[in-house]
Amino acid sequence: MNAVITGGTKGIGRAIADKLATEGYNLVLCSRSEADLAATKQALLTLNPSISVATAPVDMSQKAEVLTFGDFCLSAYDRIDVLINNAGTFIPGELCAEADGALESMIETNLYSAYHLTRKLVPNMVAHQSGYIINMASIASFMAYPNGGSYSISKFALRGFSKVLRAELMDKGIKVTTVMPGATWSHSWAGMKDQLPESRLMQATDIADTIWSVLNLSASAVMEEVVLRPQLGDL
Ligand SMILES: NC(=O)c1ccc[n+]([C@@H]2O[C@H](COP(=O)([O-])OP(=O)(O)OC[C@H]3O[C@@H](n4cnc5c(N)ncnc54)[C@H](OP(=O)(O)O)[C@@H]3O)[C@@H](O)[C@H]2O)c1
């Protein structure tokens, strides 16, 4: 099985890469840092020397780079079984106070990235009449919260994209899942480590284990939407 994970070097994406590598998936990963990609590839091949890992430095906010990355994925493997649209960015703020350009920046990184890469890879899945597309949305995809600002708009939009895709692909053998995590320890939360107990947030491995469940339902079932929260609720 072959999986593409955007933003596979840190946080949730990296935990998914670790899980799929352990389970024997060949991978294609991207992020903006070549050094992180090289280190991640090395670590994944140490976890499981029998898989192959292809990496490409890509800024997923840039349409031209996303399209080139799509070609790279298709040249790496004849068949793409799993696409995980995970790369995303969170710039906190309020709509009327956030910096000019915050909406555009997060729409480009959190929505257009998934839209353009999915359109590039779906024909390959349709040809095989199978595949999984997993979109990493957020609890910000269905609720407003303090300082969610344009991040929330971008994640509502990503959920909308995911719902439309689900409807369009259900008769083509392709499963589409929207994953909506609450607060999860990752690079973005690093500054809070000394203020909150480890147990207050979810672990990235919780999301990765959920993805594994999504990939292991019977052929006749799809997990359309998944909401995950810390046991003690939102922060
Ligand atoms: N952590 C949470 O609490 C939480 C909750 C709900 C949803 N999410 C969503 O889960 C996803 C992963 O979040 P995370 O917390 O794991 O983030 P993270 O630790 O900051 O990791 C983000 C990953 O995406 C890559 N990335 C970011 N911007 C990119 C770009 N423009 N082009 C290519 N790669 C890019 C990063 O690598 P580079 O920086 O090197 O490019 C990194 O590999 C995001 O979509 C986020 O919105 C997170």
Side-chain angles (χ1 to χ4, degrees), residues 4-19 27-41 43-44 55-70 72-73 83-92 104-117 134-143 145 147-159 161-162 177-193 196 198 200-208 210-211 225-230 233-235:
V4 175
I5 307 171
T6 66
T9 56
K10 294 182 199 146
I12 292 170
R14 174 59 191 274
I16 298 168
D18 286 352
K19 178 67 182 171
L27 298 171
V28 187
L29 308 179
C30 74
S31 81
R32 290 166 298 183
S33 161
E34 281 199 63
D36 286 354
L37 285 165
T40 301
K41 177 174 179 171
L44 293 170
T55 63
V58 181
D59 183 343
M60 290 295 295
S61 70
Q62 302 299 311
K63 178 178 176 180
E65 291 191 37
V66 175
L67 298 182
T68 302
F69 178 60
F72 177 79
C73 296
L83 166 61
I84 302 180
N85 288 311
N86 167 77
T89 190
F90 172 53
I91 307 170
E104 291 90 332
S105 165
M106 283 187 279
I107 290 281
E108 284 163 3
T109 305
N110 299 347
L111 175 69
Y112 291 167
S113 55
Y115 173 82
H116 294 306
L117 185 59
I134 299 170
N135 296 308
M136 197 56 63
S138 166
I139 56 161
S141 296
F142 59 82
M143 60 182 270
Y145 59 81
N147 273 321
S150 284
Y151 176 76
S152 201
I153 296 177
S154 73
K155 290 292 184 178
F156 264 79
L158 182 66
R159 184 184 184 201
F161 161 75
S162 200
T177 300
T178 313
V179 178
M180 294 178 277
T184 307
W185 285 118
S186 72
H187 181 67
S188 1
W189 289 94
M192 303 292 285
K193 283 250 175 192
L196 289 168
E198 184 77 11
R200 185 62 185 85
L201 275 68
M202 292 182 287
Q203 298 294 330
T205 49
D206 291 320
I207 317 305
T210 303
I211 302 292
E225 297 199 319
V226 189
V227 177
L228 295 116
R229 280 197 159 94
D234 295 330
L235 289 174

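The chain is numbered in sequence order, starting from 1. Note that ligands are numbered from 1 as they come in the structure, with each ligand's atoms numbered from 1 the same way. Heavy atoms only: backbone and side chains are in, while hydrogens, waters and symmetry mates are out.
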_For Gly11, atoms of ligand 1 separated by under 4.0 Å from a heavy atom_ = 16 (O), 19 (O)
*Could you tell me which atoms of ligand 1, counted from 1 in the order shown, lie closer than 4.0 angstrom to a heavy atom of Ser188?*
15 (O), 17 (O), 20 (O)
_Test item, Lys155 contacting ligand 1 (heavy atom, 4.0 angstrom)_ = yes
_Checking a contact table here: which protein heavy atom is nearest atom 27 (C) of ligand 1, and how many Å away?_
Arg32 NH2, 3.5 Å
*Is there at least one pair of N or O atoms, one from Met60 and one from ligand 1, spaced under 3.5 Å apart?*
yes
*Which of the atoms in ligand 1, numbered in the order shown and given with their element, are less than 4.0 Å from a heavy-atom of Thr109?*
31 (N)
*asked:* Would Pro181 count as a contact residue for ligand 1, given that I'm defining contact as a non-hydrogen atom of the residue lying under 4.0 Å from a ligand atom?
replied: yes
*Any chance the side chains of Ser186 and Ser188 put a donor and an acceptor closer than 3.5 Å?*
yes
*Sub-3.5 Å donor-acceptor pair from the side chain of Asn86 to the main-chain atoms of Thr6, do we have one?*
yes
*Matching residue for Met180 among Val227, Asn135, Val226 - test: side-chain contact (heavy atoms from CB on, under 4.5 Å)*: Val227
*asked:* Regarding atom 35 (C) of ligand 1: of the candidates Ala87, Gly13, Ala17, which has the closest heavy atom?
replied: Ala87
*Can you tell me the protein heavy atom closest to atom 46 (C) of ligand 1 and the distance?*
Tyr151 OH, 3.7 Å
_Main-chain N/O of Ser61 paired to Ser113 side chain as donor or acceptor, under 3.5 Å_ = no
*Look at atom 18 (P) of ligand 1 and say which protein heavy atom is nearest, naming residue and atom and giving the distance to 0.1 Å.*
His187 CB, 3.8 Å
*What atoms of ligand 1 come closer than 4.0 angstrom to any heavy atom of Ser138?*
6 (C), 7 (C)
*asked:* Please work out, at 4.0 Å between heavy atoms, whether the side chain, the backbone, both, or neither of Ala137 comes within that distance of ligand 1.
replied: backbone
*asked:* Working to the nearest 0.5 angstrom, can you tell me the gap between Leu67 CG and His116 NE2?
replied: 6.5 Å
*Is Ile12 in polar range of ligand 1, meaning some N or O pair under 3.5 Å apart?*
yes
*For ligand 1, indicate whether the residue Trp189 contacts it via side chain, backbone, both or neither (heavy-atom separation under 4.0 Å).*
side chain
*Where is the nearest protein heavy atom to atom 5 (C) of ligand 1: which residue, which atom, and how far?*
Gly182 O, 3.3 Å
*What protein heavy atom is closest to atom 1 (N) of ligand 1, reported as residue, atom name and distance in Å?*
Thr184 O, 3.0 Å
_Donor-acceptor pair, side chain of Arg200 and main chain of Gly233, under 3.5 angstrom_ = yes
*asked:* Tell me the protein heavy atom at minimum distance from atom 43 (O) of ligand 1, and give that distance in Å.
replied: Thr9 OG1, 2.7 Å
*asked:* Suppose we measure from atom 25 (C) of ligand 1 to each protein heavy atom; which comes out shortest, and what is that distance?
replied: Gly7 CA, 3.5 Å
*Using non-hydrogen atoms of the residue, decide whether Ala140 is closer than 4.0 angstrom to ligand 1.*
no
*Which ligand 1 atoms are under 4.0 Å away from a heavy-atom of Gly88?*
27 (C), 44 (C), 45 (O)
_Less than 4.0 Å is my threshold; does some heavy atom of Trp185 fall inside it relative to ligand 1?_
no
*Provide the number and element of each atom of ligand 1 under 4.0 Å from a heavy atom of Ser186.*
1 (N), 14 (P), 15 (O), 16 (O), 19 (O)
*Is it the side chain, the backbone, both or neither of Ile139 that has a heavy atom closer than 4.0 Å to ligand 1?*
neither
*Is the closest basic N to carboxylate O distance between Lys193 and Glu198 below 4.0 Å?*
yes
_Heavy-atom donor-acceptor pair, Ser31 side chain to Leu29 backbone, under 3.5 Å_ = no
*Under 3.5 Å, side chain of Thr109 to main-chain N/O of Ser105, donor-acceptor pair present?*
yes
*asked:* Would Thr89 count as a polar contact of ligand 1, with the cut-off being nitrogen or oxygen pairs under 3.5 Å?
replied: no
*Can you check whether Pro57's main-chain N or O pairs, donor with acceptor, with Glu34's side chain at less than 3.5 Å?*
no
*asked:* Quick check on contacts: which atoms of ligand 1 are under 4.0 angstrom from a heavy atom of Met136?
replied: 9 (C), 10 (O), 11 (C), 45 (O)
*Counting distance only, does the side-chain N/O of Ser141 pair as donor-acceptor with the main-chain N or O of Ala137 below 3.5 Å?*
no
*So, does Ser152 use its side chain to make a donor-acceptor pair with the main chain of Gly149 at under 3.5 Å?*
no
*asked:* By the definition side-chain contact (heavy atoms from CB on, under 4.5 Å), identify the one residue from Ile5, Thr177, Ile211, Leu158 that meets it with Met136.
replied: Ile211
*Between the side chain of Thr9 and the main-chain N/O of Leu37, is any donor-acceptor distance below 3.5 Å?*
no
*asked:* Could you report the tightest heavy-atom contact between Phe72 and Val28, atom names first, then the distance?
replied: CE2-CG1, 3.8 Å
_Which of the ligand 1 atoms, numbered from 1, are nearer than 4.0 Å to a heavy atom of Ser33_ = 40 (O)
_Considering all heavy atoms, the nearest Ala204-Gly11 contact_ = CB-O, 3.7 Å
*asked:* Yes or no: does Ser113 have any heavy atom under 4.0 Å from an atom of ligand 1?
replied: no
*What protein heavy atom sits nearest atom 12 (C) of ligand 1, and how far off is it?*
Asn86 OD1, 3.3 Å
